[in-house]
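Reviewing the structure listed below.
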Amino acid sequence: QVQLEESGGGLVQAGGSLRLSCRASGRTFSSGDMGWFRQAPGKEREFVAVISWSGYSISYGDSVKGRFFISRDNAKNTVWLQMNSLKPEDTALYYCNADSFKPIRDTSRTGDYWGQGTQITVSS
């Protein structure tokens, strides 16, 4: 059974930092994209970041560029999201997404595997 387990969520003050982790088990995603999406209450799911299998191709959503940084370790089957300069509008449930074959690009092009989500709350 494939599982994506997120961790690292929590409550932080505006301007602070958090680091999310997503560890995959049940299969390896070392040949595919891994990414992050988020969804705030009453809003649609939003693309946050994606990283290719090699780590050389990285893309970010416009709202997080320059503040969030994605990385991965294929040996650990893990992807991270370093979130800096957090803002109250970053408050959302953050989901890990992965696929061995399908490219992850935006909310219309996602992988087949999702984590359960981890809550980030940024207080002003």
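We count residues from 1, following the sequence as given. As the structure is a prediction and not an experimental result, all values here were calculated from the model.
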Do any side-chain atoms of residues 66-75 form donor-acceptor pairs under 3.5 angstrom with protein atoms, and if so which ones, sequence neighbours left out?
residue	atom	partner	partner atom	Å
Arg67	NH1	Ser85	O	3.0
Arg67	NH1	Asp90	OD2	2.7
Arg67	NH2	Ser63	O	2.8
Arg67	NH2	Asp90	OD1	3.0
Arg67	NH2	Asp90	OD2	3.4
Arg72	NE	Asn74	OD1	2.8
Arg72	NH1	Gly32	O	2.7
Arg72	NH1	Ile51	O	3.3
Arg72	NH1	Ser52	O	3.0
Arg72	NH2	Phe29	O	2.7
Arg72	NH2	Gly32	O	3.3
Arg72	NH2	Asn74	OD1	3.0
Asp73	OD1	Ala75	N	2.9
Asp73	OD1	Lys76	N	3.3
Asn74	ND2	Trp53	O	2.9

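Scanning for side-chain contact (heavy atoms from CB on, under 4.5 Å) contacts around Gln119 gives Thr91, Leu93, Thr121, with sequence neighbours left out. Listed by chain and residue number, nothing satisfies the side chain to side chain donor-acceptor pair (under 3.5 Å) test with Ser123 (two or more places apart in sequence, or in another chain). In terms of the salt bridge (charged side-chain N to carboxylate O under 4.0 Å, His left out) criterion, residue partners of Lys65 (sequence neighbours excluded) are, by chain and number, Asp62. Checked against side chain to side chain donor-acceptor pair (under 3.5 Å), Ser21 has the following partners two or more places apart in sequence or in another chain: Trp80. For Phe101, the side-chain contact (heavy atoms from CB on, under 4.5 Å) test picks out Arg27, Asp99, with sequence neighbours left out. Partners of Asp33 under the side chain to side chain donor-acceptor pair (under 3.5 Å) rule, at least two apart in sequence or in another chain, are Arg105. In this structure Gln82 satisfies the side chain to side chain donor-acceptor pair (under 3.5 Å) test together with Asn84, sequence neighbours excluded. For Arg19, the salt bridge (charged side-chain N to carboxylate O under 4.0 Å, His left out) criterion is met by no residue, not counting sequence neighbours. Take Glu46 and apply the salt bridge (charged side-chain N to carboxylate O under 4.0 Å, His left out) test, not counting sequence neighbours, and it matches Arg38.
Distance check: Glu5 CD to Asn77 CG gives 12.5 Å after rounding to the nearest 0.5 Å. How far NZ of Lys102 is from OH of Tyr113: 10.0 Å, rounded to the nearest 0.5 Å. With rounding to the nearest 0.5 Å, the separation of OG1 in Thr107 from CZ in Phe37 is 7.0 Å.
Taken together through direct or relayed side-chain contacts under 4.5 Å among Ile, Leu, Val, Met, Phe, Trp and Tyr, Tyr95 and Val79 form parts of separate hydrophobic clusters. Under the 4.5 Å side-chain contact rule for hydrophobic residues, Leu11 and Leu20 do not share a cluster.
With contacts defined as side-chain heavy-atom distances shorter than 4.5 Å, the pair Ser25/Arg23 qualifies. Within the 4.5 Å cutoff, the side chain of Tyr94 has no heavy atoms near those of the Glu6 side chain. Within the 4.5 Å cutoff, side-chain heavy atoms of Tyr60 are placed close to those of Ile58. With contacts defined as side-chain heavy-atom distances shorter than 4.5 Å, the pair Leu4/Asn97 does not qualify.
Contacts classified as salt bridge (Lys or Arg N to Asp or Glu O under 4.0 Å) and involving residues 52-61 (residues at least two apart or in different chains) are not found. Residue pairs meeting the disulfide bond (SG atoms under 2.5 Å apart) criterion with at least one member in residues 95-124, sequence neighbours excluded: Cys22-Cys96.
Of the residues Val64, Val122, Leu18, Val48, the one that meets the side chain to side chain contact (heavy atoms under 4.5 Å, CB included) test with Met83 is Leu18.
Ala14 approaches Ser124 most closely through the heavy-atom pair CB-CA, 4.3 Å.
The local environment of CD in Gln116 is sparse, with at most 12 non-hydrogen atoms from other residues, nucleotides or ligands closer than 6.0 Å.
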